[in-house]
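So the structure is just underneath, and the comments pick up after that.
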Amino acid sequence: MRGRNMTVAGVVMATLAGTAVIGVQPAAGTARTDAGSRSQDDGMARFQRQGITWHRCQTAPDDAIGKELDDAKAQCAEVTVPLDYSRPGGRTIKVAMSRLKATDPGRRRGALLYNPGGPGVPAMYLALKVKQAAPAVAARYDLIGMDPRFVGRSTPLNCKWPTVSIGSAGSDRRTFDRSVALARDLASRCAAHRDVLPHASTRNTARDMDVIRAALGEPKLSYLGSSYGTYLGEVYLQLFPRRADRVVLDSALNPDLFGPDLTRTAGPAAAAVLENWAAWAARHHDRHRLGATPAEVLATVDRINRAVARGPLRVGRHRVDSGVLPQLLWNVTAGDSDEAYASFAADVQVLRDAARGVAVTPTPVLEQVLTGLSSPDAEGSASVQTAIQCADRDASRDPETYYRDIQAHRADEPLFGPLTRNLTPCSFWPTTPAEPPTRVRNDVPVLMVGATGDPAATYAGQRAAHRALTGSRLVTLRGAFRHTVYGGLFSPGNACVDSAVNRYLIDGVMPAADTTCSVIPASVQGGRGAGR
């Protein structure tokens with residue numbers, strides 16, 4: 001969840017850490033007039049026509065992020081939006097954003113808003129990373145980084161949780177009951193915010209995006225979203241199909257599943273990543289000594305898991321029990337580069353020795369992750385991530401449904417099943433969603449890119465999103481076990497994928513049909529991809 005790829009705003013990461021106008025949806029291909037796009041009749045004109053006051057981004061001498069944005073000549077601002085879009089005359093909140101103006105203003109074609117995922121990850125700073133990764137795109141677009149409602153520098157929401165994670169259901173009924181008690185306690189701590197919680201939804205964040213579009217004076221908005229940001233993009237497309245310009249979804253989520261239980265299907269994909277790493281580790285047995293074959297490496301991991309089921313391991317100053325171990329092993333999903341796999345192998349070496357009763361010192365990554373898991377949610381990021389998911393879709397209020405599901409998959413998902421299938425605080429949430437989930441079905445042109453071995457946005461989910469967005473084209477990176485694939489922003493870059501995305505964003509050329517890119521191992525070809 002933290003450590004090597006901490007900024008990969010994978011929705012699975014958020015959910016596992018949190019364990020994450022009512023009306024008929026339009027038919028595919030039709031436009032909908034949403035509460036966020038009406039103007040005169042419902043009081044939205046004052047939001048859409050508001051002036052934007054740009055200012056410096058640094059807010060204090062120790063604000064390193066703000067200083068870096070200022071050094072890059074970014075501008076920052078806040079827009080006012082309704083808390084509840086069905087009552088635009090009521091309470092308002094602030095949404096913060098940054099802007100990096102197009103570096104080739106003579107060829108500027110509009111604004112491109114970026115959301116890296118989460119949910120609930122600040123994006124003001126990460127817009128700068130897009131500029132660094134794709135300077136040709138930054139030449140043609142004003143890059144907009146928005147801190148979603150209640151996130152980062154926007155109007156805050158903080159339930160002051162004593163921990164950031166519920167973790168795995170563990171090895172038995174006792175450990176599951178402990179996670180239930182923690183989920184109930186965390187949910188109760190958000191009860192004081194019950195007037196705000198129903199409005200933390202993705203639908204309202206999409207409406208905030210459209211307010212920003214209008215306030216910027218843009219007739220249409222281009223968009224780049226990764227991980228959870230793809231779901232936000234899918235919802236925006238459904239609510240505002242005529243407002244979308246060029247849209248890229250990197251590692252798309254199944255729009256029919258997003259919510260508290262999204263990770264329920266992620267266990268097999270994570271296990272496949274672990275198997276891919278095991279094959280790598282076996283090829284490097286001379287260095288890591290975890291097993292000379294993939295089966296031997298996986299047996300090493302299994303012995304660690306069985307040792308933890310008997311009792312907690314001591315790892316430096318930390319205790320690793322069956323609720324924590326799967327979260328540590330989930331770090332195998334941080335990327336499929338040699339560097340990432342070697343770092344994970346070092347973690348497993350430490351855990352293997354601890355399982356043998358040897359006194360160990362955690363690697364820097366393990367120390368960071370374990371410290372984070374045992375720390376309070378000081379900034380409220382975990383509670384906001386959970387609030388968004390709880391506002392998007394109902395969860396079962398019966399803990400037994402989760403326990404039965406976990407038990408039914410103990411044999412086929414022994415390591416990750418108790419983690420991905422565990423309940424969240426949404427089972428005890430003090431409010432219910434204000435609106436039904438968004439049914440995404442439209443034919444707006446969209447470019448989708450993703451990897452077949454993605455552990456967070458599973459390829460089956462990507463295909464489901466592709467079917468729901470009938471105007472989409474899908475560029476598939478085969479043979480990759482990574483989450484997000486564009487630009488090298490959070491995982492190894494791939495020239496084939498980057499070329500398809502940049503050609504679409506810059507020239508407007510969509511692939512004529514779904515296409516495939518292949519992985520060339522970084523150790524062989526420097527990480528370059530090739531089409532086929």
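- In plain terms, the two heavy atoms of A500 and L447 that are nearest each other are O-CD2, 3.6 Å.
- In this structure, a donor-acceptor pair under 3.5 Å is present between the side chains of S165 and Q327.
- In this structure, the side chains of F176 and N422 come closer than 4.5 Å at one or more pairs of heavy atoms.
- Contact between G417 and I406 at its shortest, heavy atoms only, is O-CG1, 4.4 Å.
- The number of heavy atoms from other shown groups lying within 6.0 Å of CD (E296) is above 12.
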Decide yes or no on side chain to side chain contact (heavy atoms under 4.5 Å, CB included) for R397 and T432, but give the supporting numbers first. CA-CA 11 Å; R397 298 274 172 163; T432 57; 4.1 Å; yes
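- At least one side-chain heavy atom of R317 sits under 4.5 Å from a side-chain heavy atom of T371.
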Show the numbers, then the answer: is there a side chain to side chain contact (heavy atoms under 4.5 Å, CB included) between V301 and L351? CA-CA 9 Å; V301 175; L351 295 170; over 6 Å; no
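- By the 4.5 Å heavy-atom criterion applied to side chains, T386 and C426 are counted as neighbours.
- How far OG of S226 is from CG of N115: 7.0 Å, rounded to the nearest 0.5 Å.
- Of the possible polar contacts, none joining the R149 side chain to the D208 backbone as a donor-acceptor pair under 3.5 Å is found.
- Put simply, the side chain of V315 reaches to within 4.5 Å of the side chain of V350, judged on heavy atoms.
- For the pair D250 (side chain) and V485 (backbone), a donor-acceptor distance under 3.5 Å is present.
- A distance of 10.5 Å separates OG in S179 from OH in Y403, rounded to the nearest 0.5 Å.
- Between F258 and T230 the shortest side-chain heavy-atom distance does not fall below 4.5 Å.
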Residues D256, R441; criterion side chain to side chain contact (heavy atoms under 4.5 Å, CB included); working and verdict: CA-CA 10 Å; D256 293 333; R441 300 290 187 276; 2.9 Å; yes
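- Judged purely by atom type and a 3.5 angstrom limit, D514 has no side-chain atom pairing as donor or acceptor with the backbone of R473.
- Atom CZ of R314 sits in a crowded spot, with more than 12 heavy atoms from other residues, nucleotides or ligands closer than 6.0 Å.
- Closest non-hydrogen pair, Y402 versus R421, comes out as CD2-O, 3.4 Å.
- Closest approach of Y223 to G233, counting heavy atoms only: CE2-CA, 3.5 Å.
- Shown here for P414 and A411, the closest heavy-atom pair between the two residues is CD-O, 3.5 Å.
- Remark: the S381 side chain and the Q385 side chain contain no N/O donor-acceptor pair separated by less than 3.5 Å.
- Looking at D394 and W429, their side chains never bring a donor and an acceptor atom within 3.5 Å of each other.
- Between S251 and Y486, the closest side-chain pair of non-hydrogen atoms is not below 4.5 Å.
- Defined by atom type and a distance below 3.5 Å, a donor-acceptor pair is missing between the side-chain atoms of D443 and T470.
- To the nearest 0.5 Å, atoms CG (L126) and CG (L489) are separated by 8.5 Å.
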Start with the C-alpha gap between L419 and T263, add the side-chain angles, then the distance that decides, and say whether side chain to side chain contact (heavy atoms under 4.5 Å, CB included) holds. CA-CA 9 Å; L419 176 65; T263 64; over 6 Å; no
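- Checking T438 against Y231 by side-chain atom types alone, no donor-acceptor pair falls below 3.5 Å.
- By the 30° and 60° cut-offs, the orientation of the rings of W277 relative to F344 is perpendicular.
- Checking side-chain atoms of H483 against main-chain N and O of D454 turns up no donor-acceptor pair under 3.5 Å.
- Ionic pairing of D353 and R356 is present here: one or more N-O contacts between side-chain nitrogen and carboxylate oxygen are shorter than 4.0 angstrom.
- With a 4.5 Å cut-off on side-chain heavy atoms, N442 and V440 count as touching.
- Summarising the geometry, atom OG1 belonging to T333 is positioned 13.0 Å from atom CZ belonging to R482; distances are rounded to the nearest 0.5 Å.
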Pair R404-Q407, side-chain hydrogen bond (donor to acceptor under 3.5 Å, both in side chains): steps then yes or no: CA-CA 5 Å; R404 288 192 296 268; Q407 291 299 99; over 6 Å; no
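- Salt bridge absent: D172 and R178 never bring a charged side-chain N and a carboxylate O closer than 4.0 Å.
- Under a 3.5 Å cut-off, the side chain of N494 and the backbone N or O of V519 do not form any donor-acceptor pair.
- A donor-acceptor distance shorter than 3.5 angstrom exists from the side chain of R352 to the backbone of R289, with no hydrogens or angles considered.
- Interatomic distance, H288 NE2 to R283 CZ, rounded to the nearest 0.5 Å: 11.0 Å.
- Within the 3.5 Å criterion, the main-chain N or O of A378 finds a donor-acceptor partner in the side chain of N158.
- When atom types are taken as modelled, the side chain of R194 and the backbone of P430 share a donor-acceptor pair closer than 3.5 angstrom.
- Not one N or O on the side chain of S343 forms a donor-acceptor pair closer than 3.5 Å with the backbone of A340.
- Between the side chain of S491 and the main chain of T484, a donor-acceptor pair closer than 3.5 Å is present.
- Note that the CG atom of D392 and the OG1 atom of T202 stand 3.5 Å from one another [nearest 0.5 Å].
- In this structure, Y341 and V273 approach most closely via the heavy-atom pair OH-O, 4.0 Å.
- Taking the side chain as every heavy atom from C-beta outward, V444 and L469 never approach each other to under 4.5 Å.
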